[in-house]
2 protein chains.
Amino acid sequence: MPKESPPAVGVTLDRYDRQILDILQRHGRINNQELAERIGLSPSPCLRRVRALEDNGLITGYRALVDAKRLGHSLTALLHISMDRHTPERFANFEAKVAALPQVQECLLITGQEADYQLKVVVHDMDDYQNLLLNQITRIEGVTGAHSSFVLRRVLEHRPVPSYSDTPH
Amino acid sequence: MPKESPPAVGVTLDRYDRQILDILQRHGRINNQELAERIGLSPSPCLRRVRALEDNGLITGYRALVDAKRLGHSLTALLHISMDRHTPERFANFEAKVAALPQVQECLLITGQEADYQLKVVVHDMDDYQNLLLNQITRIEGVTGAHSSFVLRRVLEHRPVPSYSDTPH
DNA sequence: ATGATATTGGAATTATATGCCAAAAAAATC
DNA sequence: GATTTTTTTGGCATATAATTCCAATATCAT
């Protein structure tokens with residue numbers, strides 16, 4: 001089993017790195033010259049730092065955000081799933097099945113609810129949702145319950161993880 | 001009040017556009033030359049299409065993804081919030097207060113649960129979480145209840161919205 | 001088929017990224 | 001506190017990529 005990401009110890013970020021992370025989390029496709037200008041460094045050290053953050057695994061990737069509604073996915077739902085048994089096999093199988101469904105945007109293993117997983121799914125309409133739920137998800141081995149919430153409005157989404165010591169402790 | 005995004009009608013995407021959306025959702029910082037190569041177009045029309053998708057609002061932005069744990073945010077929680085009254089004022093105030101909290105990654109107005117909102121928050125540890133919950137969130141006017149779930153593992157995250165007709169209807 | 005409209009590909013130009021190295025800054029040592 | 005060592009920066013040269021323009025091609029409607 002792969003080791004989890006190393007402890008945060010050893011990652012020392014200065015003001016420049018934090019600024020880079022903050023800006024790239026908001027403007028992932030900004031070019032290096034402008035990024036350098038914004039943080040107050042010349043382009044070469046700025047690029048070196050970005051590469052280092054990528055190589056360190058602090059930056060794990062880049063994504064374009066798309067308007068799901070415009071793409072025809074009018075309905076977003078949160079699905080809370082309960083499993084019968086909490087064995088690694090059950091979980092691994094469920095996760096593999098769910099990963100094969102393109103409608104699933106997110107899958108989190110959670111505690112604190114009566115559920116084991118929370119899925120976030122996007123579909124065209126309620127018919128598609130019903131189909132996904134009844135014909136795909138509830139048929140996965142071990143699934144004993146599913147509770148649906150629908151997203152009425154996205155108030156905040158894709159907000160940057162604080163890279164400054166916003167949260168002193 | 002601002003009008004919601006126009007109906008999906010009128011957005012006609014061909015094979016190239018769909019490929020662009022799919023690739024950029026996975027590799028948001030890919031350069032135009034490689035993108036062009038992958039979709040089988042020369043760079044100039046490819047770039048034109050990307051710009052068009054951005055201008056149309058189909059692509060709403062770009063984000064770098066960061067490893068929250070590496071940044072010291074070891075704990076991710078889902079918070080279900082109930083409100084006393086469902087008035088626009090209550091909601092607007094809650095949303096503004098929540099938007100001011102950098103730990104809040106996401107805020108969704110939902111139905112189907114006993115809750116009105118689901119928040120996704122990242123914090124350093126349980127002490128920070130307690131502080132956020134008790135001193136910030138539950139003190140917002142109108143909040144009558146909060147139920148916490150903790151994210152044990154991120155199985156899937158930031159998956160692309162289907163741009164192909166994966167989901168025929 | 002034919003004309004009108006939209007889209008492409010390639011060349012020229014402009015802008016940006018990248019590698020290199022001397023200079024400056026920061027950190028460690030005495 | 002001065003000096004050496006280590007790290008980081010800034011600027012230049014070069015390579016790579018973005019952008020614009022337009023003739024050529026493809027698509028669409030009639």
Side-chain angles (χ1 to χ4, degrees), chain A residues 5-67 70-72 160 163-165, chain B residues 5-67 70-72 160 163-165:
Chain A
S5 54
V9 185
V11 181
T12 37
L13 301 175
D14 62 13
R15 152 184 123 71
Y16 293 127
D17 292 317
R18 291 175 205 283
Q19 278 188 277
I20 288 172
L21 290 176
D22 189 62
I23 294 172
L24 284 179
Q25 283 188 84
R26 298 169 199 270
H27 308 288
R29 227 178 144 83
I30 190 176
N31 72 48
N32 183 59
Q33 303 217 346
E34 185 167 344
L35 178 59
E37 200 172 296
R38 288 207 201 178
I39 70 173
L41 260 185
S42 64
S44 18
C46 180
L47 183 63
R48 261 193 306 263
R49 281 166 177 269
V50 172
R51 292 285 177 263
L53 292 168
E54 290 166 356
D55 295 345
N56 283 339
L58 247 155
I59 294 175
T60 59
Y62 298 90
R63 298 281 186 273
L65 305 180
V66 307
D67 184 332
R70 285 277 190 91
L71 268 179
S163 43
Y164 294 93
S165 297
Chain B
S5 54
V9 184
V11 182
T12 37
L13 301 175
D14 62 14
R15 151 184 124 71
Y16 293 127
D17 292 316
R18 291 175 205 282
Q19 278 189 277
I20 288 173
L21 289 176
D22 190 62
I23 293 172
L24 284 179
Q25 283 187 85
R26 299 170 200 269
H27 309 287
R29 227 178 143 81
I30 190 177
N31 71 48
N32 183 59
Q33 302 216 346
E34 185 167 344
L35 178 61
E37 200 171 295
R38 289 206 200 178
I39 70 173
L41 261 186
S42 64
S44 18
C46 179
L47 183 62
R48 261 192 306 262
R49 281 166 178 270
V50 172
R51 293 285 178 264
L53 292 168
E54 291 167 354
D55 294 345
N56 283 339
L58 247 155
I59 294 175
T60 59
Y62 298 91
R63 298 281 186 275
L65 304 180
V66 307
D67 184 333
R70 285 278 190 90
L71 270 179
S163 44
Y164 294 93
S165 297

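Below, chain A is the first sequence line, B the second, and so on; all start at residue 1.
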Tell me the closest heavy-atom pair linking [X] and [Y], and the distance in Å.
{"X": "A/Gly28", "Y": "A/Tyr62", "result": "O-CD2, 3.7 Å"}
{"X": "B/Asp67", "Y": "A/Gly57", "result": "CB-O, 3.5 Å"}
{"X": "A/Ile59", "Y": "A/Val50", "result": "CD1-O, 4.5 Å"}
{"X": "A/Pro43", "Y": "A/Asn32", "result": "O-ND2, 3.0 Å"}

Can you give me the bend angle of the helix from C/dA1-D/dT30 to C/dC30-D/dG1? Use the axis through the first five pairs and the one through the last five, nearest 10 degrees.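 Inter-axis angle at the ends, rounded: 50°.
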side-chain contact (heavy atoms from CB on, under 4.5 Å) between B/Cys46 and B/Ile39, worked out: CA-CA 8 Å; B/Cys46 179; B/Ile39 70 173; 3.9 Å; yes
Among residues 23-34 of chain A, which contact DNA chain D at a heavy-atom distance under 4.0 Å?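 Listed by number, there are none.
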For residues 35-48 of chain B, which residues have at least one heavy atom under 4.0 Å from DNA chain D?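 The answer is B/Ser44, B/Leu47, B/Arg48.
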Could you tell me which residues satisfy salt bridge (charged side-chain N to carboxylate O under 4.0 Å, His left out) with A/Arg29, sequence neighbours excluded, listed by chain and number?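 Not a single residue meets the salt bridge (charged side-chain N to carboxylate O under 4.0 Å, His left out) criterion with A/Arg29.
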By salt bridge (charged side-chain N to carboxylate O under 4.0 Å, His left out), which residues pair with B/Asp55, not counting sequence neighbours?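 B/Asp55 satisfies salt bridge (charged side-chain N to carboxylate O under 4.0 Å, His left out) with no residue once adjacent residues are dropped.
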Out of curiosity, [X] [atom1] to [Y] [atom2], how far, rounded to the nearest 0.5 Å?
{"X": "A/Leu24", "Y": "B/Arg63", "atom1": "CG", "atom2": "CZ", "value": "11.5 Å"}
{"X": "B/Ser42", "Y": "B/Gln33", "atom1": "OG", "atom2": "CD", "value": "10.5 Å"}
{"X": "B/Leu53", "Y": "B/Leu58", "atom1": "CG", "atom2": "CG", "value": "6.0 Å"}

I need the CG-P distance between A/Asp17 and D/dT7, as an integer number of Å.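 Atom CG in A/Asp17 sits about 16 Å away from atom P in D/dT7.
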Answer yes when A/Arg26 and A/Asp22 have at least one side-chain N-carboxylate O distance shorter than 4.0 Å, and no when they do not.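 A salt bridge is present here (some side-chain N lies under 4.0 Å from a carboxylate O).
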First and last nucleotide of DNA chain C in contact with chain A, 5' to 3', at under 4.0 Å to a heavy atom: what are they?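 In short, chain A contacts DNA chain C from C/dT16 to C/dC20.
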Whether B/Arg51 contacts D/dA18 is assessed here as follows: a side-chain N or O lying under 4.0 Å from the phosphate OP1 or OP2. Is that the case?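 For D/dA18, neither OP1 nor OP2 has a side-chain N or O of B/Arg51 closer than 4.0 Å.
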Option passing side-chain contact (heavy atoms from CB on, under 4.5 Å) with A/Arg49 (candidates A/Leu21, A/Leu35, A/Leu13, A/Asp17):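 Considering A/Leu21, A/Leu35, A/Leu13, A/Asp17, a side-chain contact (heavy atoms from CB on, under 4.5 Å) with A/Arg49 is found only for A/Asp17.
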